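What follows is a set of notes on a single structure, which appears directly below.
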Amino acid sequence: NHLLWSRRPLIKAVPMDEGYVVAVRKRIENALNKCHQPMNKYLKLFDKYIPFLNLDPASVEEKFRPDVKDERSTIRTKAVCAVIQEHLNAIDMLNDELPTGPVRIMSSLVSCKGVREMMKKKRVALATMLQDLLAEHVRTNGQRICKDFQFIDSKLKTTPRNIEDL
């Protein structure tokens, strides 16, 4: 019947300031805010991990990299060991603080296993990197000490020609 309309039919929109529209919009906003509260509470569990998640491993390595001059390595050993221990302890704390199974929030199941495993891997990687830096420091100083002892040993093995050489 109206197959060939001369203009496109439109449905008029309801004005935004109409009382019924304002009331429905307010009810919807309140319902959404009510639904978001448990999710926001759950998200706050992860707020304390944000600085760690943003931590750049290269900056940590640069901060603790030993200074090597004339085959002598200097590193803040106590500080490095304390940071290594802190990362290893944090792995245990992650096991205790973050749930292993899915968590029900309203009608959703949320799993934090992926985030937990990622943080564990990052902690292990940082601890391993710092242990490698410490091992490099020990190796460098050990090689220098061995060279010093070899020099002393070679001096002790030489026989003096006269009393002044002693």
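Being a predicted model, the structure only gives us computed values, none of them experimental. Throughout, residue positions are numbered sequentially from 1 according to the sequence presented.
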Item to check | Residue pair Tyr49, Leu94: steps toward the side chain to side chain contact (heavy atoms under 4.5 Å, CB included) verdict | outcome: CA-CA 10 Å; Tyr49 300 114; Leu94 280 174; 3.7 Å; yes
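- Here the shortest heavy-atom pairing between Val14 and Glu18 reads CG1-OE1, 3.4 Å.
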Checklist entry - Going through the checks in order, is the side chain to side chain contact (heavy atoms under 4.5 Å, CB included) test met by Val24 and Val21? => result CA-CA 5 Å; Val24 169; Val21 174; 6.0 Å; no
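- Going from atom OG of Ser59 over to atom CZ of Phe64 covers 10.0 Å, rounded to the nearest 0.5 Å.
- Between the side chains of Asn89 and Gln85, at least one donor-acceptor pair of N or O atoms lies under 3.5 Å.
- In this view, Leu55 and Phe52, Val60, Lys122, Leu126 satisfy the side-chain contact (heavy atoms from CB on, under 4.5 Å) rule, not counting sequence neighbours.
- Ala127 and Ile84 get closest at one heavy-atom pair: O-CG1, 4.1 Å.
- Between Lys63 and Arg76 the shortest heavy-atom distance is O-NH2, 3.9 Å.
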Next on the checklist: If you apply the rule side chain to side chain contact (heavy atoms under 4.5 Å, CB included), what do you find for Arg144 with Asn141, and how did you get there?
Outcome noted: CA-CA 5 Å; Arg144 180 190 49 82; Asn141 284 345; 4.1 Å; yes
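- Contact record, Arg116 with Asn95: NH2-OD1, 3.0 Å, taken as the closest heavy-atom pair.
- In the hydrophobic clustering of this structure, Leu109 does not group with Met39; members are Ile, Leu, Val, Met, Phe, Trp, Tyr whose side-chain heavy atoms approach within less than 4.5 Å, directly or through other members.
- One distance of note links CD1 of Ile50 with CG of Asp47; it measures 4.5 Å at 0.5 Å rounding.
- At a threshold of 4.0 Å, the pair Glu117-Lys113 does not count as salt-bridged, since none of the basic side-chain nitrogens sits closer than that to a carboxylate oxygen.
- Criterion: ILVMFWY side-chain heavy atoms under 4.5 Å apart, direct or through other members. Under it, Leu45 and Leu53 are part of a common hydrophobic cluster.
- Checked for salt-bridge contact, Lys48 and Glu97 meet the test: a charged N lies under 4.0 Å from a carboxylate O.
- Counting non-hydrogen atoms of neighbouring residues, nucleotides and ligands closer than 6.0 angstrom, the CD atom of Glu29 exceeds 12 such neighbours.
- Atoms NE2 and OG1, on His87 and Thr128 in that order, are 10.5 Å from each other to the nearest 0.5 Å.
- Closest approach of Leu130 and Val80 over heavy atoms only: O-CG1, 3.9 Å.
- Lys26 has its side chain within reach of Asn30: a pair of non-hydrogen atoms, C-beta onward, lies under 4.5 Å apart.
- Connection of Met118 to Leu43 is not established within any shared hydrophobic cluster, with ILVMFWY side chains joined at heavy-atom distances below 4.5 Å, either directly or through further cluster members.
- Summarising the geometry, atom CG belonging to Asp56 is positioned 10.0 Å from atom CD belonging to Glu61; distances are rounded to the nearest 0.5 Å.
- A donor-acceptor contact shorter than 3.5 Å is absent between the side chain of His137 and the backbone of Leu133.
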Item to check | Steps toward side chain to side chain contact (heavy atoms under 4.5 Å, CB included) verdict (Val110, Arg104) | outcome: CA-CA 6 Å; Val110 180; Arg104 180 172 293 284; over 6 Å; no
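- Residues Phe46 and Leu98 meet the side-chain proximity criterion, which asks for heavy atoms closer than 4.5 Å.
- The distance from the CG atom of Leu32 to the NE2 atom of His36 is 5.5 Å, given to the nearest 0.5 Å.
- Interatomic distance, CG of Leu134 versus CD of Gln131, reported as 8.0 Å (0.5 Å rounding).
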